[in-house]
Amino acid sequence: MNWNVIREYLPLYIEALGLTVKIGWLGIILSIALGLVCALILYFKVPLLQVIIKIYIELFRNTPLLVQLFFLYFGLPKLGIRITAQTCGILGLTLIGGSYMTETFRSGLSAIDSIQSESALSLGMKKHQVFFYVILPQAISISIPGFMANIIFLLKETSVFSAISLMDLMFTAKDLIGLEYKTIEALFLLVVFYLIMLLPVSLLGTYIERRVRYAAYGD
Amino acid sequence: MQLMGIELLLKGNNFLRMLSGLWVAVRISLVSVILSIGLGLIVGALMTVQNKVIKTVMRLYLEIVRIMPQMVLLFIVYFGTTRVFGINIEAELSAIIVFTFWGTAEMGDLVRGALISIPRHQYESAEALGLSKLQTYLYVILPQTLRRLIPLSINLITRMIKTTSLVMMIGIVEVLKVTQQIIEANRRTSPNAAFGMFATVFMMYFIVCWPISLLSKHLEKRWSDR
Amino acid sequence: MSIKNEILKIEHLHKAFGENVILKDFDLSVKSGEVIVIIGPSGCGKSTLLRCINGLEDIQSGKIYVDEQPVIQGSKDLYEIRQKIGMVFQSYDLFPHMTVLQNITLAPMKVQKRKKEKVEKEAIELLSRVGLADKKDSFPRQLSGGQKQRVAIVRALCMHPEIMLFDEVTAALDPEMVHEVLQTMLELAQSGKTMLIVTHEMSFARAIADRILFLDEGELIEEAPPEEFFTSPKTDRAKKFLQTFEYSKK
């Protein structure tokens with residue numbers, strides 16, 4: 001391994017990491033928002049919308065992100081909808097992420113025993129009070145480990161962005177391998193940078209999961 | 001022609017070419033899934049072993065798979081091995097190696113989960129009835145574990161198929177690549193083909209994966225109420 | 001207003017789940033301060049009866065009045081009526097994400113818009129009456145089953161209900177926890193609370209009840225003061241039911 005090569009290419013990787021992190025986290029935040037909204041629509045069985053959301057979830061959970069990106073990036077412009085590669089990356093991640101987040105949150109909502117809302121109702125609470133004070137807080141905390149798993153999944157999925165010519169970590173590594181034949185250095189930096197991006201999230205996820213599983217409420 | 005590319009499907013043997021491209025991805029996933037399930041059963045059992053060394057190795061293995069994108073692993077195996085060992089691994093073989101490496105960990109974790117989910121009293125009551133260890137596993141534990149495992153391993157197939165779309169990034173000509181080639185070859189006559197063609201690829205994946213997920217969901221529901 | 005006014009009135013209540021009839025032409029009148037225990041085999045409709053009174057189940061025909069107000073599913077008044085009814089369920093009905101105190105004060109504050117300090121003061125008072133004042137900041141999962149049920153009773157009481165419904169509140173408890181919960185209920189009865197209790201604890205029923213209602217297959221079979229019911233039941237069905245609690249060598 002040639003450390004001079006590594007030193008030389010470090011700035012490129014840092015730049016690429018910045019881009020990946022930016023697109024990744026924007027997509028994640030938007031997909032959580034989308035997931036919450038969709039799960040609520042499913043929970044309250046909003047007519048028509050719930051059907052659309054069910055179709056959307058099945059479509060995006062059963063196709064690869066890479067194919068979705070190709071469609072969004074190369075297909076949509078033919079309809080006159082022109083978006084930049086970055087917007088496309090964020091949009092793609094939000095759409096696939098939203099479908100996963102919806103499922104996670106929906107199952108969190110349905111995990112709450114009906115006795116919870118019944119006892120809240122019997123205390124005279126209105127339906128919206130039951131939902132906001134009793135159901136929602138519990139559903140969110142049940143869903144958090146699932147959300148963390150989805151976040152890690154989505155951060156890993158960002159690795160396909162180079163396919164729509166975003167200059168992310170994979171793109172940088174591929175360049176270095178293809179043009180400069182610095183395979184070892186390129187791969188080394190690639191692994192290190194993905195570790196930097198994912199290890200903290202993974203550790204946090206494990207920590208939260210443990211807390212939720214063993215402690216629940218009260219410690 | 002303003003059919004947004006659908007007309008290209010009927011031109012020559014284009015559609016057939018796309019299908020065989022899809023088959024490349026599906027073939028790689030099926031081989032990897034079969035290997036993963038076999039190896040995963042062993043790895044899953046190993047994960048429940050109380051040996052410190054084995055435990056650490058398994059944790060490390062799981063953590064690598066959990067953190068590293070399959071794309072990165074693909075690059076390491078496909079580009080890295082050539083440089084380090086001087087052997088040139090074919091793209092399809094490196095894909096199978098990587099997806100099996102990944103799938104084995106996933107499957108192993110499922111097996112481990114299924115094994116530890118069987119409550120202690122199941123073992124105890126089987127032993128109290130005088131069953132031997134082997135009989136306990138064979139007649140009591142295994143049937144219960146399988147009921148949990150089968151839906152989850154079917155689900156792994158769809159995840160594997162979706163993941164194999166990545167192989168185009170290491171130069172394997174699968175459905176996305178074939179489609180790109182067709183669009184490229186017809187860019188004069190059908191300039192807007194990308195829309196319809198990629199929509200078709202999208203639907204192809206959906207048609208393959210959706211029934212499998214439905215089956216997995218169905219089995220999970222049916223078998224969850226013992 | 002007389003002291004013994006009628007707090008709950010049920011006329012010709014008919015309840016079915018599809019083809020399955022749960023309650024047939026059921027009548028009941030409960031006066032303020034009365035303690036009524038409903039017993040009967042599982043599936044006789046006694047739990048459903050309590051749920052109907054609280055508007056948690058829709059009914060096919062008949063009328064239910066609480067404090068002269070009709071209980072109608074989906075009506076706006078239902079929320080108001082429910083404040084007059086306290087209900088305690090079999091188990092798991094405390095909110096796990098809130099402390100004991102938060103569990104108790106949530107509804108008085110959000111539904112009745114009462115002041116936080118006042119509600120908390122009352123909650124702590126009620127908690128100390130059942131011996132749980134020191135648990136006010138605990139979370140439900142840190143409590144034993146018996147403690148949880150006593151908190152659930154306090155939570156219902158803090159809404160100042162006119163009538164309390166108890167739906168097999170000790171059925172899911174370990175035997176050694178049962179006594180403390182029943183004791184709390186006995187004290188509540190002595191303080192003059194109107195109570196409607198579904199239970200399988202026969203000696204408790206005998207000790208607490210002013211009236212015993214025996215239900216079987218959705219019908220009121222027998223109604224009597226406890227001594228009379230337990231020593232000389234009039235109907236065969238009641239005799240047969242009471243025999244299931246006795247053991248003898250054949």
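Sequence lines set the chain letters: A, B, ... in the order given, protein chains first and strands last, and positions in each chain run from 1. In this text, all values refer to a predicted model and were calculated from it rather than measured experimentally.
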With respect to chain A, which residue among B:Glu63, B:Met71, B:Gln70, B:Arg66 yields the maximal number of heavy-atom pairs within a distance under 4.5 Å?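 Most heavy-atom pairs within the cutoff with chain A belong to B:Arg66.
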A:Lys174 side-chain N/O to B:Met169 backbone N/O, donor-acceptor pair under 3.5 Å: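 Yes: the side chain of A:Lys174 pairs with the backbone of B:Met169.
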Residue [X] versus chain B: region with a heavy atom under 4.5 Å:
| X | result |
| --- | --- |
| A:Thr158 | neither |
| A:Ile177 | side chain |
| A:Leu72 | neither |
| A:Val191 | both |
| A:Leu187 | side chain |
| A:Ile152 | side chain |

Does any heavy atom of chain A fall under 4.5 Å from the side chain of B:Met197, the backbone, both, or neither of them?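 For B:Met197, neither part sits under 4.5 Å from chain A.
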Engaged part of B:Met203 at the chain A interface, taking heavy atoms whose separation is under 4.5 Å: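 Contact with chain A is through the side chain of B:Met203 alone.
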So, are B:Lys217 and A:Glu58 salt-bridged, with charged N and O less than 4.0 Å apart?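 So B:Lys217 pairs with A:Glu58 through a salt bridge.
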Quick one: do A:Leu198 and B:Met68 satisfy side chain to side chain contact (heavy atoms under 4.5 Å, CB included)? Show the steps, please. CA-CA 8 Å; A:Leu198 277 148; B:Met68 276 300 136; over 6 Å; no
With a 6.0 Å cut-off on the ring centroids, do A:Phe74 and B:Phe195 count as close?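 That pair fails the under 6.0 Å test.
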Does A:Phe60 have its ring centroid less than 6.0 Å away from the ring centroid of B:Phe206?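 Not close enough - the centres of the two rings lie 6.0 Å or further apart.
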Just give me the residue among A:Leu190, A:Leu169, A:Leu65, A:Leu155 that pairs up with chain B most often, heavy atom to heavy atom, under 4.5 Å.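 The candidate making the most pairs under 4.5 Å is A:Leu190.
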